[in-house]
Amino acid sequence: MAEDDPASPRTRASAPTAALLASAFVVSTCGLVYELLASTLASYLLGDSVTQFSTVIGSYLFAMGLGSWCSRYVKRDELRLFVRVELLIALLGGCSAGALFLLFPVVEHFRVALYGLVVAIGFLVGLEIPLLIRILRGFDFRETVSNVLTFDYVGALVASLLFPLLLMPHLGMIRTGFMFGIFNAAVALALLVTLPRAAGYRAEKITAVLVLLALCAGFAASDRLQRWAEVASYGEPVIYAVSSKYQRIVITRRDNDVRLYLNGNLQFSSRDEYRYHEALVHPALGRVANPRNVLILGGGDGLAAREVLKHASVERLTLVDLDGEMTSLFTGTGMLARLNGGSLTDRRMTVINADGFRWVPEARGQYDAIIIDFPDPVDYSVGKLYTDTFYRAVRKLVAPGGMVVVQSTSPLVAPMAYWTVASTLEAAGFQTRGYHVYVPSFGEWGFVLASPDTIPTQARIFNGRFLTPAIDQRLFDFPPDMARRPTPVNRLDNQVLVREFADAWGQYEG
């Protein structure tokens, strides 16, 4: 009988074999997406992305190895077990992001739930490939293993590209989880329909349909689930929420209090943000003889820009913020544009959406004042913006007599982290002076003034809602519990600031 004869065993087997190999591709893609979801979500909720990615991936891979090892105890009916494993993964993996978001504000030991789910999914994913190879054992072993592993690795590549480029920016974590759960359930259902030996699996077919319908319903309700989770987490009505390419942006409003959260961390409250932004901007600009050209790094909400533009001498203001979603939001939304006084559309303003770490070394010209208003160094991707490498690049942009100011976390809660910023600026060739202000939403908050030249003790400060010339002088006084202490320099190759910040705030928040 010829090999290409339609009646040959090899031809008859080709359709089921193709279905099983396609399953290898899909299950590999889904498995890696669940791993990336758990790692990203842990980083988002718990901070310190390197630690979260390392521990989640390590736990996941260990659980996969355990699942592969346990597959040796499956003696028969591998196809039935494979289908059931797929349906379990579809449920656990598909619901994982939504469930963890909902659990975070209400579960005291959240890490137990997180790693329990990671290990459970990893164990089940570890069962998949060994079972699939055994289902295909009737064919040439070398070809079977080669094909299954090839599709497995290609699926991993596809997932690693799709996740950051398409899934996170356009679907978000909860919807992505449900979508790939649907893929897992669809694989199970497709095998039940395609493979002749699954003809009698009536219960599994009904279960697969029910799981598929449940995941489709979850996908449709993803936005509602996200809102429930955020309302429970923030305790305030959420009026706007979006996942940009870089972060989760949430705006809440209760009465006249508007709050911005980035990745779950409070950035400002409209009730007292003026204290923060007046203290951030005016001590620096007030110590420059005639500030005309000003640069803001970060500050995409336009609130620091609002304060800069109160100085009549300012002719040009450049704002560099990574996230175009942020600057668009605070430009085109009436309530938020009123909050920043329309600063982002002022004729003197130029908004550039770029990574400050890359933009600053390539920038030309010099600035009379540079306002650095980046988020806190919660992970290494932000921590690099507080390194001596970055500050040396900033120093080249400072005009003679110019000033730099850096928001530098709380000198009360995290004094080591706060003074590390000053030490790092000094290592980059700046002279520094630290100061602090009480902001009710944050508590005691710190800033560091820096200049290649001597920093004037006196400043031209006009009376604001909070800041006055007399208050400006008092900002530089530190009580003993916040006083300067020896600290290391934050370098790209050590990132000590991130660890100091995480340790201090972890102890403070329990």
Side-chain angles (χ1 to χ4, degrees), residues 279-299 304-305 307-308 311 313-320 350 352 354-374 377 383-409 411 417-436 446-461 472-473 475-476 478 484-494 496-497:
L280 171 68
V281 170
H282 300 303
L285 266 69
R287 285 170 168 81
V288 177
N290 196 24
R292 289 189 173 89
N293 192 17
V294 178
L295 171 65
I296 299 176
L297 299 173
E307 298 301 318
V308 170
H311 290 256
S313 63
V314 172
E315 298 172 355
R316 293 184 301 277
L317 174 57
T318 303
L319 185 145
V320 179
T350 300
I352 299 171
D355 181 353
F357 191 80
R358 294 180 178 274
W359 185 87
V360 166
E362 298 173 357
R364 297 292 179 266
Q366 291 189 314
Y367 298 88
D368 302 308
I370 299 177
I371 315 295
I372 302 180
D373 191 22
F374 291 130
K384 69 185 179 183
L385 298 165
Y386 290 81
T387 58
D388 59 336
T389 299
F390 182 70
Y391 290 148
R392 285 193 181 95
V394 169
R395 189 175 184 274
K396 295 176 182 177
L397 300 182
V398 183
M403 297 295 302
V404 175
V405 62
V406 183
Q407 91 79 13
S408 309
T409 196
Y418 173 79
W419 291 111
T420 291
V421 176
S423 298
T424 305
L425 283 161
E426 289 164 0
F430 287 100
Q431 298 187 45
T432 67
R433 288 188 71 194
Y435 64 102
H436 61 100
F447 308 88
V448 178
L449 272 179
S451 177
D453 308 309
T454 301
I455 299 174
T457 57
Q458 300 296 318
R460 293 175 293 100
I461 303 291
D472 172 79
Q473 294 300 302
L475 298 182
F476 294 86
F478 284 85
R484 181 144 194 185
R485 59 209 65 192
T487 52
V489 174
N490 189 46
R491 305 184 193 280
L492 273 177
D493 62 349
N494 65 24
V496 295
L497 179 63

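The residues of the chain are indexed from 1 along the displayed sequence. Below, each value reflects all heavy atoms present in this structure, side chains not excepted, and no hydrogens, waters or symmetry copies.
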Trainee: Show the nearest heavy-atom pair for residues Ala399 and Asp368, with the distance to one decimal.
Mentor: CB-OD1, 3.8 Å
Trainee: According to the interplanar angle, ranging from 0 to 90°, do the rings of Trp359 and Tyr367 count as parallel (below 30°), tilted (30 to 60°) or perpendicular (above 60°)?
Mentor: tilted
Trainee: Taking all heavy atoms of Pro452 and all of Gly402, pick out the closest pair and write down the distance.
Mentor: CD-O, 4.2 Å
Trainee: Hey, are the side chains of Tyr391 and Val404 touching, using non-hydrogen atoms and a 4.5 Å cut-off?
Mentor: no
Trainee: Could you state the interatomic distance from CG (Leu425) to CD1 (Ile372), rounded to the nearest 0.5 Å?
Mentor: 7.0 Å
Trainee: Are any non-hydrogen side-chain atoms of Phe390 and Thr424 less than 4.5 angstrom apart?
Mentor: no
Trainee: Can you find a pair of side-chain heavy atoms, one from Met403 and one from Ser451, that are under 4.5 Å apart?
Mentor: yes
Trainee: At what distance, to the nearest 0.5 angstrom, does CD1 of Ile455 lie from CZ of Phe430?
Mentor: 9.5 Å
Trainee: Could you tell me which residues satisfy salt bridge (charged side-chain N to carboxylate O under 4.0 Å, His left out) with Asp472, sequence neighbours excluded, listed by chain and number?
Mentor: Arg287
Trainee: Please determine whether side-chain contact (heavy atoms from CB on, under 4.5 Å) holds for the pair Phe478 and Arg484, giving the CA-CA distance in whole Å, both sets of side-chain angles, and the decisive distance to 0.1 Å.
Mentor: CA-CA 8 Å; Phe478 284 85; Arg484 181 144 194 185; over 6 Å; no
Trainee: How far does CZ of Phe374 sit from OG of Ser408, to the nearest 0.5 angstrom?
Mentor: 12.0 Å
Trainee: Which heavy-atom pair separates Ala305 from Leu319 by the least distance, and what is that distance?
Mentor: CB-CD1, 4.4 Å
Trainee: Please tell me if the side chains of Thr387 and Phe357 come closer than 4.5 Å, counting only heavy atoms from C-beta onward.
Mentor: yes
Trainee: Determine yes or no for a side-chain-to-main-chain donor-acceptor pair under 3.5 angstrom, with Thr487 supplying the side chain and Trp419 the backbone.
Mentor: yes
Trainee: If I compare all heavy atoms of Val489 with all of Asn494, which pair ends up nearest, and what's the gap?
Mentor: O-ND2, 3.4 Å
Trainee: In Å, rounded to the nearest 0.5 Å, how long is the span from OG1 of Thr318 to CD1 of Ile371?
Mentor: 12.5 Å
Trainee: Using modelled atom types only, decide if a donor and an acceptor are shared between the side chain of Arg460 and the backbone of Val288 within a distance under 3.5 Å.
Mentor: yes
Trainee: Backbone N or O of Gly401 within a donor-acceptor pair of the Asp453 side chain at under 3.5 Å?
Mentor: yes
Trainee: Using atom types as modelled, flag every donor-acceptor pair under 3.5 Å from a side chain in residues 290-297 to any protein atom, sequence neighbours excluded.
Mentor:
unit_1	atom_1	unit_2	atom_2	d
Arg292	NE	Glu315	OE2	3.4
Asn293	ND2	Gln366	O	3.1

Trainee: Using 0.5 Å steps for rounding, measure from the CG atom of Asp388 to the CZ atom of Arg491.
Mentor: 5.0 Å
Trainee: Is there a side-chain contact between Arg316 and Thr350 in this structure, where contact means two heavy atoms from C-beta onward sitting under 4.5 Å apart?
Mentor: no
Trainee: I want to check something: taking the side chain as every heavy atom from C-beta on, are Thr420 and Tyr386 in contact at a cut-off of under 4.5 Å?
Mentor: no
Trainee: State, to 0.1 Å, how close Ala422 and Thr432 come at their nearest heavy-atom pair, and which atoms those are.
Mentor: O-CG2, 3.9 Å
Trainee: Rounded to the nearest 0.5 Å, what separation is found between the CZ atom of Arg395 and the CG atom of Leu397?
Mentor: 11.5 Å
Trainee: Please report the shortest heavy-atom distance between Ala369 and Leu285, naming the atom on each side.
Mentor: CB-CD1, 3.6 Å
